[in-house]
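Inspection log for the structure reproduced underneath, given as structure tokens.
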Amino acid sequence: MKTSRETGSRGRSILGLLLSLGVVVTIAGMSACSSNNSEGSSEGTGASGGAGGAGGGEPAGPTPYELFLKIEPDLVANCNICHKKGGSAPAPFLAGETPEERYQTITFWPGIVTKAPEQSILLTHPESPNHGGGEAPKIPENVKPGVLEWLTAEADGLPDGNGDIGPSVRPFRPLPGGALNTVYLDALGEDFQYMSIAFFAEAIGGTSDAPTMLRLTNITVHPVVDKPLHIVHPVFTVYVPGQPGDPDPVDSFSNLDQTFTLGGDNTLGTGEVVLTNWQKGAYLGIAFELIEVYGGNAGPGTGCNDLVNFQQNVVPAMQTCMMKCHGGANPQAKGTMDLSELNVMMPSAACQEVRARIKPGDPAASQILQVTDPVQPIVHMYKFDGDLNAYNAFKTKVEPWIMAEQQ
């Protein structure tokens, strides 16, 4: 399957690209869309989505962040015991010590802010018998109208991906502060199911209330087995609510043409980009000049260097991961990292799958340790039920193998 812009677009210069989008081009990072004109200093005021308007003379309504502040105490009272940082639930969408930090986390969490507010998991999941095994509380009826009002305001500010650049994932609000962000590519088509792009995000420059840049580091691409992923010219675009999309002013990956295989080098280009047109409260989108999945394996990935260590230490440590999700109980989890052959006599296939989710020689930067950490607000279905002792025991078993995989 191929997804690309029309023939001949590959040679388009960044100047032509930006002009085609109607973006005023000046000095990098100083386009008309990059001025910091969000109202107030909180994360939420940047998401007002143009509420009010200058022509009608009517006062602007509350921003999404202001609406969130009204319901935040109720959400904390009803949900925080499980959904806080280190809580027993695998979804710490209320992680943070302050309302602003909790706002960053909850607006980043997949499925909460949606185009159809009534379909938000914040409203639908508490009604499910699977919510906390049927023992978790529901959102009180008197709180629901305020929650729906806030979700509706957020939905009104959600941007669409810019199709003029090429196929794109729906823009999302990244989680800053050096946190790991994972973007799944499923929306691009069935062939891209379970594939993802991950990176660390950090807002820098300016002040903490008005950063002027977003730095993305350790940008990695994660294909699946037997589906090499070919990417040409990815473009990161900033979406300030109420304004057109503003692509990376220097077009950092304009010359990139790269193919990724499971277990191979999964770093996207240099693995880093600094967006000088960032504003607090903005959304981030990723588009591609070309993104396609080849029909077969275009070459073997990197095998494990220390299969013996993996079999002796990692295999026992990952039994719960295999049984609960990655062995087949959850199709998405298995597609992302297939552990169905974890217990075979020579688990080389499982070793390669796990190796694709580590950074050899660097346990702290390895995804299998980051996503399962109970205190990290990173999207993952299993976080040892909030048990730090269990997590640390797992970490102790897998760290020596991660170090041994360094070449």
Side-chain angles (χ1 to χ4, degrees), residues 41-47 64-114 120-126 131-132 136-137 139 143 147 150-151 154 172-184 196 198-204 208-209 211 214-218 280-284 364-392 394-395:
S41 62
S42 68
E43 181 76 21
T45 54
Y65 181 65
E66 291 168 342
L67 292 173
F68 172 78
L69 289 179
K70 293 181 179 180
I71 62 168
E72 189 264 348
D74 293 308
L75 292 178
V76 170
N78 289 278
C79 310
N80 199 50
I81 189 170
C82 296
H83 294 283
K84 63 184 177 181
K85 181 172 67 175
S88 59
F93 59 78
L94 287 177
E97 301 301 323
T98 67
E100 183 175 358
E101 290 175 351
R102 288 189 279 271
Y103 180 76
Q104 290 177 351
T105 306
I106 199 170
T107 54
F108 157 79
W109 208 265
I112 289 185
V113 175
T114 61
S120 167
I121 60 173
L122 192 59
L123 293 174
T124 60
H125 188 60
H131 183 217
I139 296 179
V143 177
V147 173
W150 165 62
L151 290 171
E154 293 286 355
F172 59 96
R173 185 170 280 155
L175 190 63
L180 177 68
N181 292 248
T182 299
V183 183
Y184 283 92
S196 64
F199 54 84
F200 295 93
E202 182 181 11
I204 58 176
S208 59
D209 288 331
L214 185 70
R215 182 186 182 196
L216 308 182
T217 57
N218 195 27
K280 193 172 186 179
Y283 292 82
L284 182 64
S366 295
Q367 283 197 25
I368 62 169
L369 292 179
Q370 293 167 343
V371 300
T372 54
D373 188 344
V375 302
Q376 294 295 328
I378 298 171
V379 180
H380 193 254
M381 294 181 64
Y382 180 66
K383 293 179 178 287
F384 293 93
D385 300 323
D387 188 340
L388 272 175
N389 290 329
Y391 167 75
N392 287 329
F394 170 76
K395 184 178 178 181

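- Once rounded to the nearest 0.5 Å, the distance linking NZ of Lys84 with OG1 of Thr105 reads 14.5 Å.
- When atom types are taken as modelled, the side chain of Arg102 and the backbone of Leu94 share no donor-acceptor pair closer than 3.5 angstrom.
- Nearest heavy atoms, Pro99 versus Phe68: O-CE2, 3.6 Å.
- Between the side chain of Glu202 and the backbone N or O of Leu216 there is no donor-acceptor pair closer than 3.5 Å.
- Residue Ile204 qualifies as enclosed at atom CD1: its count of foreign heavy atoms under 6.0 Å is above 12.
- When all heavy atoms of Ile71 and Trp150 are compared, the closest pair comes out as CD1-CE3, 3.6 Å.
- Between Glu154 and Arg173, the closest heavy-atom pair is OE1-NH1, 3.7 Å.
- Taking 4.5 Å as the limit, some side-chain heavy atom of Val183 sits within range of a side-chain heavy atom of Phe199.
- Across Phe108 and Leu180, no two heavy atoms sit closer than the pair CZ-O, 4.5 Å.
- Under a 3.5 Å cut-off, the side chain of Asn181 and the backbone N or O of Leu175 do form a donor-acceptor pair.
- Of the possible donor and acceptor atoms, none in the side chain of Ser196 sits under 3.5 Å from a partner among the backbone N and O of Tyr184.
- Note that CD1 of Ile139 and CG of Leu75 are 6.0 Å apart. Values are rounded to the nearest 0.5 Å.
- Side chain of Lys383 to main chain of Gln376: a donor-acceptor pair is present (N/O by atom type, distance under 3.5 Å, no hydrogens or angles).
- The distance from the CZ atom of Phe394 to the CG atom of Asp373 is 11.0 Å, given to the nearest 0.5 Å.
- A perpendicular orientation is assigned to the rings of Phe384 and Tyr391, their planes being inclined by more than 60° (bins at 30° and 60°).
- Within the 3.5 Å criterion, the main-chain N or O of Leu369 finds no donor-acceptor partner in the side chain of Ser366.
- Residues Pro92 and Pro377 share a closest heavy-atom pair of CG-CA, 3.9 Å.
- Between Leu123 and Val147, some side-chain heavy-atom pair lies under the 4.5 Å cut-off.
- Rounding to the nearest 0.5 Å gives a distance of 7.5 Å between CD of Gln370 and CG of Asn218.
- Scanning both residues, Phe93 and Cys79, for their nearest heavy atoms gives CZ-CB, 4.5 Å.
- Residues Tyr103 and Pro64 meet the side-chain proximity criterion, which asks for heavy atoms closer than 4.5 Å.
- A donor-acceptor contact shorter than 3.5 Å links the side chain of His83 to the backbone of Ala91.
- Ion pairing of Lys280 with Glu100 is present here, as a side-chain N (NZ or NE/NH1/NH2) and a carboxylate O approach within less than 4.0 Å.
- Atoms CD1 and CD, on Ile106 and Glu101 in that order, are 14.0 Å from each other to the nearest 0.5 Å.
- No side-chain heavy atom of Thr114 sits under 4.5 Å from any side-chain heavy atom of Ile121.
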